[in-house]
Amino acid sequence: MALLEILHFPDPRLRVKAQPITQIDDEVRRIVEDMYETMYASNGVGLAATQVGIHRQIFVMDVSETHNQRYCVFNPEILAKEGVQLDNEGCLSVTGVYDKVERAAKVRMRGMNLDGKLFELEGEGLMAACIQHETDHLNGILFIDHLSRLKQERIRKKIEKDKRR
Ligand code: GNR
Ligand code: NI
């Protein structure tokens, strides 16, 4: 197992669209193990492969407080969305920024699991937000893209300034 390096905004690699997984081999299984380790070590509730510079459609998620509800999803597809929630969101790739993002309150998704089987998953609340956030990452989208232009500009300036210190 190994900790992976997390990329930070405005790294252009965060904008690369991930490729589908067609075969679950030892390399893919190792990436998944390392992604779980990296997510737990960073106290994140989810992590997308894009964030560690791997442009393949993989995300891991565990929204439980006890760290015992792991999900590994390949090739996620959101099938249905319902309702609206407006909750604070953060991202391991956008350090120090938290803001309210409008998301669907409930989602139904389909993906492939570590056994190569298709499965469906329904989530609401934090899990729904996380599924949408991670699926966005695999498409090169960050949560700050959902904020107003003005807020995005402020975030860009703050991050530039923090980098110079
Ligand atoms: O740790 C995380 N918390 C979080 C909170 C609300 C909505 C989404 C998330 S995901 C984030 C970890 C991360 O950056 N995943 O890509
Ligand atoms: Ni994120």
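Residue numbers start at 1 and run along the sequence shown. Remember, it's 1-based here, ligands and their atoms both numbered in the order they're listed. For the numbers below, each heavy atom of this structure counts, side chains included, while hydrogens, waters and symmetry mates do not.
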[atom] [closest protein heavy-atom partner, distance rounded to 0.1 Å]:
atom: atom 10 (S) of ligand 1; value: E134 OE2, 3.6 Å
atom: atom 5 (C) of ligand 1; value: L126 CD1, 4.0 Å
atom: atom 11 (C) of ligand 1; value: G90 O, 3.6 Å
atom: atom 12 (C) of ligand 1; value: G46 O, 3.3 Å
atom: atom 14 (O) of ligand 1; value: L92 N, 2.8 Å
atom: atom 6 (C) of ligand 1; value: E89 CG, 3.2 Å

Just checking, is any N or O donor in the side chain of D62 or Y71 under 3.5 Å from an acceptor N or O on the other one? no
When you check the side-chain N and O atoms of H146 and D99, is any donor under 3.5 Å from an acceptor? no
Mind checking whether Y40 and Y36 have parallel, tilted or perpendicular rings, split at 30° and 60°?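 Judged by the thresholds at 30° and 60°, the geometry between Y40 and Y36 is parallel.
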Within 4.0 Å of some non-hydrogen atom of G44, the atoms of ligand 1 are 1 (O)
Would you mind running through ligand 1 and noting each atom that sits below 4.0 Å from a heavy atom of H137? 16 (O)
Taking only residues two or more places apart in sequence, or in another chain, which ones meet F119 in a ring-ring contact (aromatic ring centres under 6.0 Å, His included)? none
I'd like to check the ring-ring contact (aromatic ring centres under 6.0 Å, His included) partners of H55; sequence neighbours left out, ordered by chain and number.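 So H55 forms no ring-ring contact (aromatic ring centres under 6.0 Å, His included) with any residue.
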Polar proximity ligand 1 side, [X] side, N/O cut 3.5 Å exclusive:
X: A129; value: no
X: V45; value: yes
X: H133; value: yes

Between D145 and R15, does any NZ, NE, NH1 or NH2 come within less than 4.0 Å of an OD or OE carboxylate oxygen?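 A salt bridge is present here (some side-chain N lies under 4.0 Å from a carboxylate O).
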Is D136 paired with R103 through a side-chain N to carboxylate O contact shorter than 4.0 Å?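 Here R103 pairs with D136 in a salt bridge, since their nearest N and O are under 4.0 Å apart.
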Is there a heavy atom of V101 sitting under 4.0 angstrom from any atom of ligand 1?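 Contact absent.
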Which atom pair, heavy atoms only, marks the closest approach of Q51 to S93? NE2-OG, 3.0 Å
Does atom CD of E82 have more than 12 heavy-atom neighbours from other groups under 6.0 Å away?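 Atom CD in E82 is not crowded, with 12 or fewer foreign heavy atoms closer than 6.0 Å.
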Tell me, with the steps shown, if R108 and L121 meet side chain to side chain contact (heavy atoms under 4.5 Å, CB included). CA-CA 6 Å; R108 193 155 53 82; L121 177 63; over 6 Å; no
So for M39 against ligand 1, with non-hydrogen atoms under 4.0 Å, the contacting part is neither
Could you count the protein N, O or S atoms found under 2.8 Å away from the Ni ion (ligand 2)?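 Protein heteroatoms (N, O, S) closer than 2.8 Å to the Ni ion (ligand 2) number 3.
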Test of understanding: with side chain to side chain contact (heavy atoms under 4.5 Å, CB included), list the residues that count as partners of S42, not counting sequence neighbours.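 Applying side chain to side chain contact (heavy atoms under 4.5 Å, CB included) to S42 gives I6, T38, L92.
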Between Q132 (side chain only) and A104 (backbone N and O only), is there a donor and an acceptor less than 3.5 Å apart?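 Yes, Q132 side chain to A104 backbone: donor-acceptor pair under 3.5 Å.
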